[in-house]
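Owing to the predicted nature of the structure, the values given are computational and were not obtained by experimental measurement. Per chain, numbering begins at 1; letters A, B, ... match sequence-line order.
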Amino acid sequence: MRSAFIITIKDLKQRARDRSALLMVFVIPLALVLIFSQALAGVTGSPSELKFVFADPDKSEIGTVFHDQVLKTLEADGLITLSLAVTEEEASGAIAAGDAGAAIVIPSGFEESIYSGSPDAIQVIGHADAFLSPLVAKAIADSFASELNTLIISAAAAGVDLADAGALGRIAGEIALTKGIVTIDDFSASRKELDATTFYSAGMAIFFVFFSVQFGITSLIEERNRGTMPRLIAAPIPTWSILAGKVLSTFVVGVMSMAVLVVASTFIVGAEWGDLVGVTVLVLLAVLSAMGIMTLVATVVRTAEQAGNAQAIVAVAMGMLGGTFFPVAQIGGLIEKVSLLTPHAWFMRGLSGLQSGGNLGDVWQEAAAILIFALVTGAIGFARARRLVAP
Amino acid sequence: MSNHISTSNVLECSGLQKTFNGNVAVKDVGFHIDAGETYGLLGPNGAGKTTCISMICGILQRDSGDITVCGEPLDIGSVTAKSSIGFVPQDLALYPDLSARENMMFFARLYGLSKTTLRRRVDEVIELVGLTERADDQATEYSGGMKRRLNIGIGLLHEPKLLILDEPTVGVDPQSRNAILESIQRLSSEGMAVLYTTHYMEEAQRLCDRIGIIDRGELRAEGSQRELVSLVGERDKIRLESASGLESASTALRGLNGIVEAAVENEGLSLIVDDARSLLPQIIAKVAESGAVITNVAVTEPDLETVFLHLTGRALRD
């Protein structure tokens with residue numbers, strides 16, 4: 001093991017002199033965290049930051065039920081913050097002023113349009129910089145409208161005259177009682193997201209750790225190209241210690257890269273990572289999974305240059321897909337499912353669980369998923385990498 | 001090939017064989033080197049020299065054969081045997097972003113030098129290879145000759161009993177080359193066994209106590225320079241130079257009585273003949289008939305070049 005440590009120290013010394021590596025490992029991730037957390041803070045947010053303004057220029061019974069029994073219920077549960085506007089213009093003004101992320105407007109003539117058989121749509125107005133609020137507002141409005149439609153059709157089929165006083169009100173009241181209309185409950189439970197600052201800190205940490213660890217395996221290829229590998233193999237050391245030295249130095253750089261970002265983002269931009277033990281485990285596993293994936297990618301190509309290119313493509317693609325730049329979990333559907341094919345998505349999920357008060361026991365599934373990535377790709381990758389140190 | 005067994009043998013190898021994709025790179029090669037002896041493997045590029053020493057250094061798995069270094073069997077994982085070897089590869093094997101001192105410290109640690117001897121030994125070798133002034137500069141800033149010297153120095157750090165140098169003077173300026181050869185002579189005189197591969201006849205003649213002539217993976221002959229030259233007998237070497245027509249001249253001369261070997265290389269035609277004085281007029285006439293215009297003629301005593309030509313039918317630098 002002594003020889004492995006000697007190789008590790010030599011590699012770390014070389015990394016410390018590589019300015020481009022230092023930029024990639026420490027400077028750029030931190031700079032991006034600062035930029036993203038300042039400039040794009042409104043793009044995402046926790047449910048408690050969902051601020052809606054509601055306007056009902058139609059002054060209809062349906063609007064009243066929607067406000068009283070749907071939106072107020074969400075507010076009472078602490079899921080949204082609600083304010084009222086009289087007109088659509090006033091609601092737009094509140095959004096423009098940044099007082100709300102989205103507005104839900106029951107347009108004038110909405111109830112009349114239902115009687116006529118071609119109902120108007122409930123309007124949702126979003127803030128240009130807000131991403132989450134308009135999506136949630138639209139989901140709530142769509143759910144309400146969909147249930148309304150279903151009940152109107154059912155009522156019509158049952159011979160109920162919609163023009164009867166109170167008929168629409170009763171239908172709307174039934175909608176409010178319909179289970180599942182308020183999808184924000186689901187969002188809160190399983191699609192919870194980190195706050196903007198922590199989200200980008202975590203995203204950049206795991207995105208750039210893939211670049212931080214890529215040098216490890218490519219340095220093996222470089223040792224061969226540079227001619228130093230024969231000299232290492234000729235030395236009186238076990239050949240496995242060469243690979244062990246590389247693995248160790250890569251792991252150290254990866255952990256340092258993420259640790260610096262965790263600490264710096266905590267103190268500089270106020271990121272809240274949650275339970276320390278849980279964060280530590282997730283970080284270590286993330287580094288291992290990055291090492292496994294980058295090693296596997298590098299062993300399917302021939303040269304260090306090809307390896308670097310292939311690793312960069314995979315790192316960027318997985319980072320995008322895994323939701324390190326935008327919260328794919330909130331998009332839902334196929335993208336969310338596909339994102340789970342990356343350790344990034346599990347890492348972000350795990351951190352969300354920790355930030356919302358959980359501990360390692362609460363995120364063991366996420367940790368296990370990342371560990372599986374590390375074990376599977378690492379086993380194949382390092383088995384293939386052994387040929388690089390074979391005589 | 002060699003059955004020599006001696007207690008002073010530093011290196012003993014026999015029956016070395018290596019095949020790459022069905023092509024035999026080294027076939028039944030064996031020789032030994034005693035302490036204080038410099039053994040040269042002389043052969044053209046692609047003869048199998050590097051493959052041989054790669055097997056001897058334990059960086060290439062051999063198909064068959066035995067190697068012992070200082071009595072210890074050598075294989076890929078043989079830590080004890082490897083610790084007696086100092087290896088200087090043909091290509092520069094350095095970390096350009098580390099200084100000479102850092103490169104040496106790293107390899108010295110890998111060879112297990114203790115903390116107390118590490119710095120002293122590194123300083124000694126830095127001085128030996130003439131890098132004291134620039135020892136703390138990054139190797140990337142060194143000239144080609146300095147890098148070569150550092151490359152050699154790394155192989156000397158642990159005071160190996162066997163120093164293996166694979167064409168260490170390729171691409172080196174004459175001054176550095178001379179310094180390298182002098183260093184090797186000094187190390188050998190201090191008792192180090194040296195295995196030296198080269199395709200430069202002059203280096204082999206200057207350095208080596210014994211020489212193995214290798215071609216197409218086979219050790220064709222070995223012995224001291226005198227012993228090897230005696231294989232050619234009382235023959236002479238003639239070298240003819242011409243700008244063109246040498247191939248047809250070579251073909252024509254092969255039919256002439258008294259011509260033992262004829263090979264074209266480097267705008268010249270090398271001949272081994274029984275008696276240069278009596279044959280020279282006929283040779284010149286034959287060459288003129290073949291259309292070649294002779295620009296220079298040299299008659300020399302047999303040397304290693306002649307031996308190689310005699311043994312392989314090819315010039316050393318073909």
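Side-chain contact check for A:Q311 and A:T218: no donor-acceptor pair (N or O, by modelled atom type) lies under 3.5 Å. Of the N and O atoms on the side chains of A:S201 and A:W273, not one donor lies less than 3.5 Å from an acceptor on the other residue. Using modelled atom types and a 3.5 Å distance limit, the side chains of A:T228 and A:E223 yield a donor-acceptor pair.
A:I7 touches chain B through backbone and side chain together, each having a heavy atom under 4.5 Å away. Contacts between A:R17 and chain B at a heavy-atom distance below 4.5 Å involve the side chain alone, from C-beta outward. Only the backbone of B:L92 comes within less than 4.5 Å of a heavy atom of chain A; no side-chain atom from C-beta onward does. At a 4.5 Å heavy-atom cutoff, the contact between B:D97 and chain A is made by backbone and side-chain atoms alike. In this structure, chain A has heavy atoms under 4.5 Å from both the backbone and the side chain of B:I154.
Of all the heavy atoms in B:M192 and B:P160, the pair that sits closest is CE-O, 3.3 Å. B:P73 approaches B:S78 most closely through the heavy-atom pair O-OG, 3.4 Å. Shown here for B:G217 and B:V29, the closest heavy-atom pair between the two residues is O-CG2, 3.4 Å. When all heavy atoms of A:I370 and A:L282 are compared, the closest pair comes out as CD1-CD2, 3.9 Å. The minimum heavy-atom distance linking A:L285 with A:L371 is given by the pair CD2-CD1, 3.6 Å.
Of the listed residues B:G112, B:G155, B:P89, the one with more heavy-atom pairs under 4.5 angstrom with chain A than any other is B:P89.
Interface residues of residues 62-72 of chain B toward chain A, defined by a heavy-atom distance below 4.5 Å: none. When the heavy atoms of residues 114-142 of chain B are compared with those of chain A, the residues falling under 4.5 Å are B:Q138, listed by number.
Note on ring orientation: taking the six-membered ring where Trp is involved, the planes of B:F106 and B:Y95 are perpendicular (angle over 60°, cut-offs 30° and 60°).
Counting only distance, with no hydrogens or angles, the side chain of B:N103 and the backbone of B:L98 share a donor-acceptor pair below 3.5 Å.
Taking a cutoff of 4.0 Å between a charged side-chain nitrogen and a carboxylate oxygen, B:K49 and B:D166 do not qualify as a salt bridge.
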